[in-house]
There are 2 protein chains.
Amino acid sequence: MTETVNSAAPEPDVPSGRPAAMPTPGPGDPRLRRLSLNQKTTERWGVQDAVAGCVAAGVEAIGLWREPVQEYGVKASAKLVADAGLRVSSLCRGGFLTAPDPDAWQRALADNRRAIDEAAELGAGCLVLVVGGLPPGSRDLPAARARVAEALDLLVPHALARNVRLALEPMHPIYTADRGVLATLGEALDLAERFPAAAVGVVADSFHVWWDPQLPAQLARAGQRIASVQLADWITPLPPDALLSRGMLGDGHIDLRGFVALADEAGYTGDIEVEIFNADVWAADGARTLATVCRRWVEYVI
Amino acid sequence: MTETVNSAAPEPDVPSGRPAAMPTPGPGDPRLRRLSLNQKTTERWGVQDAVAGCVAAGVEAIGLWREPVQEYGVKASAKLVADAGLRVSSLCRGGFLTAPDPDAWQRALADNRRAIDEAAELGAGCLVLVVGGLPPGSRDLPAARARVAEALDLLVPHALARNVRLALEPMHPIYTADRGVLATLGEALDLAERFPAAAVGVVADSFHVWWDPQLPAQLARAGQRIASVQLADWITPLPPDALLSRGMLGDGHIDLRGFVALADEAGYTGDIEVEIFNADVWAADGARTLATVCRRWVEYVI
């Protein structure tokens, strides 16, 4: 196939394979202004690929993950994104703060302090915290939640010192047992509000909170506590692996435009990340995935 | 194998296959007093099998499903359970009240009126309502929720006339899109409280609401609105079919004893159903499943 043929044929969407509904917006297109690529959406891309991919696509912000950043080097990653002129909307992720064992607990705190340092070095808008699930064998949800509060007491001074904002991520109740005991925006705000707004905010991820009847009220309450907005769709039937069950924007049931409007009305003006954990998306070519994201962003979000 | 060997060997639990932790409590055991078998737990049992199974196991209450009841006949089912001396803790289920199409809407209302009549004939403690998900192609969750309220306005007079209590079931947010747009006890109570308590209550099902940080407060608020308490565990990894992802009591992460204690403190004194949608449980012999339920009930619930 030649370039000409490629340009003429409608590029299929990832992962549906359906023809694209519109031309792909590109560099300089003002509609892409607040779009950020969370690196997890293009799982196979390292930091270099992801940065180059964003620049090529005209995406001005990126949400980085610690593992690829460490692989490339924190300093080198910071220089790379700065040289490319990208904003780092978030660093994912700290957390996992529910261990009852004293050694595991100290290791978790130390790792979170390192994550704060990395976020500072990258100039990340926030450090996303996935707070952790129930400890093995435990059925004591209130105790696990209390443990998260305890950890924050210990981490906030370091976050303030490094000028890094911690972003508590309430997670869909499908993950309460094994990943994140904070299940609602209201609960995350109850916890965040114990600390200065500069130190602790919340993540509003459409996949995690779209179902909540209190969503409009809690987003309005959140206001300046909204540290990060992330998007993925809820698709049915739910893919068999609960951890990889998020859908491409527009493939599912969430009113993404309405969701972003609520965040905007609450005063959020920052970047909006697209973060999709999905085996079919991850199997696709990163540039094709990002092109689909850019099209769906225009079609379903802004 | 002989009877003697069978009696001596510890009977394996369903579905884990692990040896039973205790002898199976039997007929007349006061510990089984509030236990009700929701018929769905023994999916392969029709009404006759389930009634006979409960009597043989010493379980005094049963939650019936409309399909097997219709198969055996509503009148005949009512006579069978009455002759066996069983209480009918609930009839499952009405609902699916979110259709925007006028014909589908009228069919749903008519079907729910029939369900109310059946619940009356069976002397069921309540008619469980699974309210329905988003209509096909819709992303308008508030509209679907409003549609449920509209349907209740139309159904409550018939429920009052037949002396049947409707029980709104808030469902785990894993089902918000395709099964039940009511996602929390608080939301279900907001809706129930528009109507007389005799006409509309709520279902507190551990699987659906265990993760909710507001659970203690909302159960306390519910008080006499608690029309049904149902139990299943939350297991990880979550089975691949989201509809069949519930676990046997004690196999998962939920503090079932604490859950029942909250309902009791709120003033609930009725039967407690065990309702487990799980392919491995359904594949097992009904009597073995019910024996496991009776043992786990003693070990993890009361």
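Computed from heavy atoms alone, side chains included, the values below leave out hydrogens, waters and symmetry copies. Chain letters run A, B, ... following the sequence lines, proteins first, then strands; residues in each count from 1.
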d(B:Ser245 OG, A:Ile174 CD1) to nearest 0.5 Å is 7.5 Å
Contacts of residues 182-193 of chain B with chain A (heavy atom under 4.5 Å)
B:Ala183, B:Thr184, B:Glu187
B:Val181 vs A:Trp211 side-chain heavy atoms within contact, under 4.5 Å:
no
In terms of heavy-atom proximity below 4.5 Å to chain A, should B:Tyr300 be classed as side chain, backbone, both, or neither?
side chain
Under the salt bridge (Lys or Arg N to Asp or Glu O under 4.0 Å) test, residues paired with B:Arg147 that sit two or more places apart
B:Glu150
Taking distance alone, no hydrogens or angles, what donor-acceptor pairs closer than 3.5 Å link side-chain atoms of residues 252-264 of chain A to residues at least two apart or in another chain?
from	atom 1	to	atom 2	distance (Å)
A:His253	NE2	A:Thr236	OG1	2.6
A:Asp255	OD1	A:Gly258	N	2.9
A:Arg257	NE	A:Ile302	O	2.9
A:Arg257	NH2	A:Glu299	O	2.8
A:Arg257	NH2	A:Ile302	O	3.0
A:Asp264	OD1	A:Arg34	NH1	3.0
A:Asp264	OD1	A:Arg34	NH2	3.1
A:Asp264	OD2	A:Arg34	NH1	3.3

According to salt bridge (Lys or Arg N to Asp or Glu O under 4.0 Å), does anything in residues 167-183 of chain B pair up with another residue at least two apart or in another chain? List the pairs.
none
What part of B:Asp212 is in contact with chain A, defined as an atom under 4.5 angstrom from a non-hydrogen atom: side chain, backbone, both or neither?
backbone
Note: vs chain B, highest number of non-hydrogen pairs under 4.5 angstrom among A:Pro240, A:Pro213, A:Pro239 is A:Pro213
Enter the distance from A:Arg139:CZ to B:Trp234:CH2 here, rounded to the nearest 0.5 Å.
15.5 Å
